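Remember, it's a predicted structure, so these values are computed and weren't measured experimentally.
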Amino acid sequence: MRRQRHARLQEQLAAHDLDGLVLLGTSAVAFATGAATPAEDSSRAALFRSVAVVVRGADAPILLTPYPEGAPPELPDGHVLGPVLPDLDDGAAGLAAFLRDRFDGGARLGLDEVPHPLHRALDDFDLVAASGVMGPAKLSKSPDELVCIRAAQRINEAAMVDVVPLLRPGVRQTDLTARFLRRIFELGADSNGIDPIWQVMPPTKAAGPWTTHGDLAFPTPSTTRLLRDGDVVWVDTGIHVEGYASDFGRTWIVGTDPRPSPRQRTQFQRWREVVEAVLEATKPGASALDLCRAAIDANGGTRPWIEHFYLAHGVGTDSAEMPLVGTDLGEAFDEQMVLAPGMVLVLEPVIWDDGAAGYRSEEIYAVTDDGWVQLSDHPYDPFEGR
Amino acid sequence: MTVTVDAAGVDLAALRAHRRHRLLAAMADHDLDVLVLGRPAEVAFATGARQLWTAGTRPFGPAGVVMAATGRTHLLSVSDEGVPAEVAHEDLYGLSWNPANLAASLAAIPGVGDARRIGTTSSSPGFPRLIKAIAPGAEVVDGAPALWAARSTKTADEVACIAAATAVAEAGLTAMVDALRPGVTERDLLAAYLERLASLGAPTPPTEGVACATAVSGPVALRRLATADPVAEGQLVVLDAGGFAMGYEGGVGRTWVAGAAPASGATRELAERCRAVLDAVVAASRPGATGAELCRAWTATGEPLPAGPIAHGVGLGVEPPLIGEGVGAAAVLSEGTVLLVSGWVAAEGVGGFFQRDLVLVGDGEPQILSRYGRGPAGGET
């Protein structure tokens, strides 16, 4: 799997006529090298970065890391080196000297971030965005990559089986987090990816937080807020296995014996109809715009997703990556985003029913040669099975 | 937003106002009309807003914009949830996937179009072009020095927040100490630590790299990735806990022996060597001391410098200076700097010994803010 990813990066380097990549972002380094790093707060992750260097034509990537224990075993001698600190002047000078040994002056390099010290140290190189290479290399997943996403999702889902029994009046959002984080590591997660979200949705948009666009505020961070009987809770979590992210989304109801009202069941039914309509349209050759239209039609002409998000997004070493479906990139973008085998879609329609909150869940699908296959598998309690 | 950990008696509104004042003063000193912020900690420093925590670091993007002329901070935030009241609704701009929409949001900030000098705390290959589009006459410069100038010296209230965060870390350390026994795995220790933090209302850790059972034979390394291997009786296990409170980070690290057997003489000797380097570096942490002097304090004990930094700043997360082999030699400590100082020594056939304490650099003796016993192996009986 890592060899295949390296080959895809090499293909894209050639296609874009770049001499190499210098990657600083956590998920980009994970993709390019397969290196594991501990999940860290962004401040720490930036100052104690792992850096990936991909040289065009080379057999393997180079990893500069504070965490050599996370380096894949197949990296050859001289390809796992100590850390550089490109956000600081002395570190940036060291990285620049390293790069000068491997690239000619004036080389064209793709970077995802350029801290100012690094920019000063590389002023004679031609620095361009790495996204032109990374985007196409990441877009379609190999079968092995799909296995990793599914493995992460399985652990995430299994952990939720042990969180649900806590969902009774008087539990705190952070109590749910405590149980969840313990369980994912007992079950084999490599790391947690996001502060788990257990957001209580207000019955009306007006009763919720003010927003820039008048649509829903979501997601908002968890606190010690006490959950109360009947609260509608939108759950959103993600963990990592072998660098790949899960994405778990469900709507839950707090109670000693939670039972959705008829109106809430109708929301859920509508959500299922939207998902079914989108899946009907999901196959190679369909565009993201086709999926958006199918979703809107199934929802009676109203867009069933939040203004600042999407109907669907990809997942890989990033928790949200291409293909993005239904964003403010616009209809022209959606129209040219054509589905191909191996693309992953996290469908997350939102059915909002002002006055009675709404329903949101997420399911993960991979596009196959003639349709799709589902990677997520978790019940819709308490909305079905009673 | 609900404050999830006790605010330690700190007037958070006054703290935010003071930080904003320091940031604007630093912008004036560095002749910046605009400062574009990227990371969550930078936004937290400028506004007190808590962003959703995600692991790792993402490429730079404009998460906040500070305007010298108006003194206002503009935030990328779809909602006002968790945004302090002094940041008005008109100062919020929404999430855009489309760079053209993002540029329009930034261009709408009053005064941006006329700016002469715009600092950015980091950058990307495309970002200068975006700035050129919204502020054609502006020179884009490194804004990080202004931000670090404002952040590096901590007030008494900030030290109180760091101490509260250290109490969270100490609780996480206790959870690991309680879970440590032969047969437990590093993953189990991490699980116990994270569960304890979240149960306190502090659901995100500074790092998941908190537990390392050190090798009893062969080369000894301080690893940060938890394994599923069972810890053996008598093994030395590094437990390095961190915590957050009000956005500030604290930490404390210790080494414990797995099992009930008394520490061996070799283990006690290792613990004493670790204590000696830590004491030496802490004692050297005074205003005016350089990074090179801290490293010399370490090596004067006869121990070699380890691979990673021996000290780094903390505040709203990890901050400069980073001091160690090949880094931070010229950094100068000032009064009000808070440092996480660590000691690490290893002996083949015995294991590794790590201790970390949080130190406030003051006008008198360095003040140790972390409080934790050193355990049976570390000299306690």
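Of the two parts of A:Phe48, only the side chain, counted from C-beta on, holds a non-hydrogen atom closer than 4.5 Å to a non-hydrogen atom of chain B. No part of A:Leu176 comes within reach of chain B, as not one of its non-hydrogen atoms sits under 4.5 angstrom from that chain. Proximity to chain B (any heavy atom under 4.5 Å) is restricted, for A:Pro219, to the side chain, taken from C-beta onward. The contact between A:Asp87 and chain B is made entirely by side chain atoms (from C-beta outward), counting heavy-atom distances below 4.5 Å. For A:Arg44, the parts lying near chain B are the backbone and the side chain together; criterion is any non-hydrogen pair under 4.5 Å. With a 4.5 angstrom heavy-atom cutoff, A:Ser131 does not touch chain B via any of its atoms. Heavy atoms closer than 4.5 Å to chain B are found in both the backbone and the side chain of A:Leu329. Proximity to chain B involves both the backbone and the side chain of A:His308, based on heavy atoms less than 4.5 angstrom apart. Using a 4.5 Å cut-off between heavy atoms, A:Ile184 touches chain B through its backbone atoms (N, CA, C, O) alone.
Heavy-atom pairs under 4.5 Å with chain A peak, among B:Asp80, B:Thr54, B:Val78, at B:Val78. Options B:Glu249, B:His89, B:Glu42 differ in how many heavy-atom pairs under 4.5 Å they form with chain A, and the most are formed by B:His89. The candidate from B:Thr227, B:Val327, B:Val210 with the greatest count of non-hydrogen atom pairs under 4.5 Å with chain A is B:Val327. Your options are B:Gly56, B:Ala191, B:Ser199, B:Gly317, and the one with the most heavy-atom pairs under 4.5 Å with chain A is B:Gly56. Between chain A and the options B:Ser79, B:Gly326, B:Pro99, B:Gly143, heavy-atom pairs under 4.5 Å are most frequent for B:Ser79.
B:Arg187 places no side-chain N or O within donor-acceptor distance of the main-chain N or O of A:Leu187, the cut-off being under 3.5 Å. Of the possible donor and acceptor atoms, none in the side chain of A:Asp41 sits under 3.5 Å from a partner among the backbone N and O of B:Ala55.
Residue B:Glu195 is tested with A:Arg179, A:Arg182, A:Arg183 for a salt bridge (Lys or Arg N to Asp or Glu O under 4.0 Å); the sole match is A:Arg182. Between B:Arg50 and the options A:Thr223, A:Asp195, A:Thr220, a side-chain hydrogen bond (donor to acceptor under 3.5 Å, both in side chains) holds for only A:Asp195.
The environment of A:Arg120 atom CZ is dense: over 12 non-hydrogen atoms of other residues, nucleotides or ligands sit within 6.0 angstrom.
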Candidate pair A:Glu113 and B:Ser123, rule side-chain hydrogen bond (donor to acceptor under 3.5 Å, both in side chains), full reasoning: CA-CA 6 Å; A:Glu113 175 160 356; B:Ser123 195; over 6 Å; no
Verdict with reasoning, B:Arg223 to A:Glu69, per salt bridge (Lys or Arg N to Asp or Glu O under 4.0 Å): CA-CA 7 Å; B:Arg223 294 170 295 103; A:Glu69 68 270 25; over 6 Å; no
CA sep, side-chain torsions, deciding dist, call: A:Leu24, B:Thr57, side chain to side chain contact (heavy atoms under 4.5 Å, CB included): CA-CA 8 Å; A:Leu24 275 62; B:Thr57 177; over 6 Å; no
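A:Leu47 places none of its side-chain heavy atoms less than 4.5 Å from the side chain of B:His312.
A salt bridge between B:Arg58 and A:Asp112 is absent, with no side-chain N of the basic residue lying under 4.0 Å from a carboxylate O of the acidic one.
With ring centers used as reference points, B:Trp97 lies under 6.0 Å from A:Tyr310.
With 3.5 Å as the limit, one finds no donor-acceptor pair spanning the side chains of A:Asp328 and B:Asn98. Side-chain atoms of A:His116 and B:Thr120 include a donor-acceptor pair closer than 3.5 Å.
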